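The shown structure was predicted, so the numbers you read here are calculated from the model rather than taken from an experiment.
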Amino acid sequence: MADHRTPIVPPDADNISAAARRLREGGLVAFATETVYGLGADATNDKAVAAVFQAKDRPRFNPLIVHVKDSNAARAAVRFNPAAETLAEAFWPGALTIVLPRLDDRIGLLVSAGLDTVAVRVPNHPVAQALLAGAGVPVAAPSANKAGCISPTAAGHVVFSLPGPGDGGPDMILDGGPCPVGVESTVIDLSGSSPVLLRPGGVAAEDIEAVIGPLAAPGENEAAKSPGMQERHYAPDLPLRLDAEEPHPGEGFLAFGPGAPEEAMNLSPTGDLEEAAANLFAMMRALDGPPFEAIAVMAVPDRGLGRAINDRLRRAVVPADG
Ligand code: TXA
Ligand code: MG
């Protein structure tokens with residue numbers, strides 16, 4: 001039988017380098033940050049990111065925060081602007097996440113639920129810092145809890161919330177003691193014409209306004225974007241037809257499983273839902289335009305990550321903002 005408990009380990013040099021290696025190999029590691037414990041995966045590896053959604057049993061693909069070791073690494077990941085420079089200078093490392101246009105195309109599309117923006121954060125916890133330095137890759141990390149449960153602020157909470165290493169959970173939990181901030185980071189969207197507070201968190205909105213001026217609430221300045229940030233995801237331009245068995249003329253075909261036509265894009269020829277999740281947004285984008293006039297999608301089983309895939313596909317048929 002598989003391991004049912006993830007070991008909690010002290011953040012000594014050996015464990016940090018083992019954890020960093022596991023991340024580079026595509027594994028999952030839970031680790032302390034100053035806000036809450038994160039469930040980390042290599043942000044450049046969509047398969048590893050899919051495993052994060054699987055471990056959390058998330059019914060939806062929400063965009064995840066990409067953790068980097070310093071502002072320079074953030075500048076390599078996303079396109080900075082003057083407001084971002086000001087906020088980074090004032091609050092990084094720390095409990096602030098900034099959403100900006102994506103720049104580094106090694107960062108997978110699943111991390112940002114297919115969006116053209118990426119949320120980045122430089123954590124200040126020494127355990128998170130050591131892990132990021134050792135890993136040498138940007139680390140996608142949502143809070144290390146099962147979907148719908150409260151965020152973990154101590155290593156022990158993670159053990160009881162997530163599956164063990166043999167069941168798709170993290171290989172280890174790097175213990176950093178209780179999280180000093182204890183609430184998630186504040187999320188500010190700087191990708192539009194004016195700054196938007198997407199999520200209140202560890203850095204007070206007033207403190208942010210003191211350096212960059214007034215923050216809008218989600219939606220206020222963002223008429224074109226979907227209401228409620230939870231709904232944000234990539235929405236294709238072309239109409240989508242679900243449960244298709246074969247493509248009609250003019251349709252691009254997004255297949256799943258064995259036996260699909262060779263010319264189709266196949267989310268997973270072997271019917272592996274993690275692989276399908278990893279491919280979903282990139283393949284939707286690839287089919288979303290000429291020479292196609294519509295996209296036909298084969299049925300995907302509605303279990304495990306298939307639920308999150310189907311959630312996204314259904315929302316793409318009826319856009320959240322429409
Ligand atoms: O404190 C934290 O932020 C913790 C620790 C582990 O760093 N992480 C965390 O991640 O809370 P998560 O995945 O639970 O929350 C990510 C938040 C969500 O509210 C999500 O909608 C938003 O960030 N987000 C991420 N990428 C986005 C994007 N491209 N556009 C808009 N919102 C984004
Ligand atoms: Mg969370």
Is it true that Met284 and Val49 fall in one hydrophobic cluster, defined by side-chain heavy atoms closer than 4.5 Å?
yes

With sequence neighbours excluded, residues passing salt bridge (Lys or Arg N to Asp or Glu O under 4.0 Å) with Glu25:
Arg22

Scan residues 291-301 for pairs that pass salt bridge (Lys or Arg N to Asp or Glu O under 4.0 Å), counting only residues two or more places apart or in two chains.
none

Restricting to side-chain contact (heavy atoms from CB on, under 4.5 Å), what partner residues turn up for Ala41, sequence neighbours left out?
Leu28, Ala48, Val52

How about Arg58 and Lys146: do any of their side-chain heavy atoms sit closer than 4.5 Å?
no

Taking only residues two or more places apart in sequence, or in another chain, which ones meet Asp207 in a side chain to side chain donor-acceptor pair (under 3.5 Å)?
none

Close side-chain approach of Thr186 and Arg199, heavy atoms under 4.5 Å:
no

In chain order, what residues pass the side-chain contact (heavy atoms from CB on, under 4.5 Å) check against Asn15, with sequence neighbours excluded?
Val9, Pro10, Asp12, Leu174

For Ala299, check side-chain contact (heavy atoms from CB on, under 4.5 Å) against everything at least two apart and list the hits.
Asp243

Against Thr33, only a single residue in Glu184, His67, Arg121 fulfils side chain to side chain donor-acceptor pair (under 3.5 Å); can you say which?
Arg121

Could you tell me the separation between the CD atom of Glu89 and the CG atom of Leu87, rounded to the nearest 0.5 Å?
10.5 Å

What pairs with Arg285 under salt bridge (Lys or Arg N to Asp or Glu O under 4.0 Å), at least two apart in sequence or on another chain?
Asp116

Side-chain contact, heavy-atom cut-off 4.5 Å: Val122 with Val120?
no

Run the salt bridge (Lys or Arg N to Asp or Glu O under 4.0 Å) test against Lys47 and tell me which residues pass, sequence neighbours left out.
Asp272

Quick check on Glu246: does its CD atom have over 12 non-hydrogen neighbours (other residues, nucleotides or ligands) under 6.0 Å away?
no

For Glu274, salt bridge (Lys or Arg N to Asp or Glu O under 4.0 Å) partners two or more places apart:
none

Measuring from atom CH2 of Trp92 to atom NZ of Lys69, what distance do you get when rounded to the nearest 0.5 angstrom?
13.0 Å

Quick one: do Asp57 and Arg307 make a salt bridge, cutoff under 4.0 Å?
yes

Measure the spacing between CZ of Phe160 and CG of Asn145 and express it to the nearest 0.5 Å.
15.0 Å

Partners passing ring-ring contact (aromatic ring centres under 6.0 Å, His included) against Phe53 (at least two apart in sequence or in another chain)
Phe61

Sequence neighbours left out, cut at 3.5 Å: what donor-acceptor pairs do the side chains of residues 95-109 make with other protein atoms?
residue : atom : partner : partner atom : Å
Thr97   : OG1  : Ser185  : OG           : 2.8
Arg102  : NE   : Leu115  : O            : 3.3
Arg102  : NH1  : Ile107  : O            : 2.8
Arg102  : NH2  : Gly108  : O            : 3.1
Arg102  : NH2  : Ser112  : OG           : 2.6
Asp104  : OD1  : Arg106  : N            : 2.8
Asp104  : OD1  : Arg106  : NE           : 3.3
Asp104  : OD2  : Arg106  : NE           : 3.3
Asp104  : OD2  : Arg106  : NH2          : 3.0

Cluster check Leu162, Leu64: I/L/V/M/F/W/Y, side chain < 4.5 angstrom
yes

Name all residues meeting the side-chain contact (heavy atoms from CB on, under 4.5 Å) criterion together with Ala205; count only those two or more places apart in sequence or in a different chain, and write none if there are none.
Leu197, Leu215

All heavy atoms of Gly169 vs all of Ala55, minimum pair found to be CA-CB, 4.3 Å

Roughly how far apart are Leu305 CG and Ser268 OG, rounded to 0.5 Å?
11.5 Å

Could you state the interatomic distance from CD (Glu251) to CG (Leu238), rounded to the nearest 0.5 Å?
10.0 Å

To the nearest 0.5 Å, what is the distance between CZ on Phe31 and CD1 on Ile173?
12.5 Å

Membership question, hydrophobic clusters at under 4.5 Å side-chain separation (ILVMFWY): are Leu254 and Met298 in the same one?
no

Within the 4.5 Å heavy-atom criterion, are Leu280 and Leu313 side-chain neighbours or not?
yes

Same apolar cluster (I L V M F W Y, side chains within < 4.5 Å links), Val66/Ile188
yes

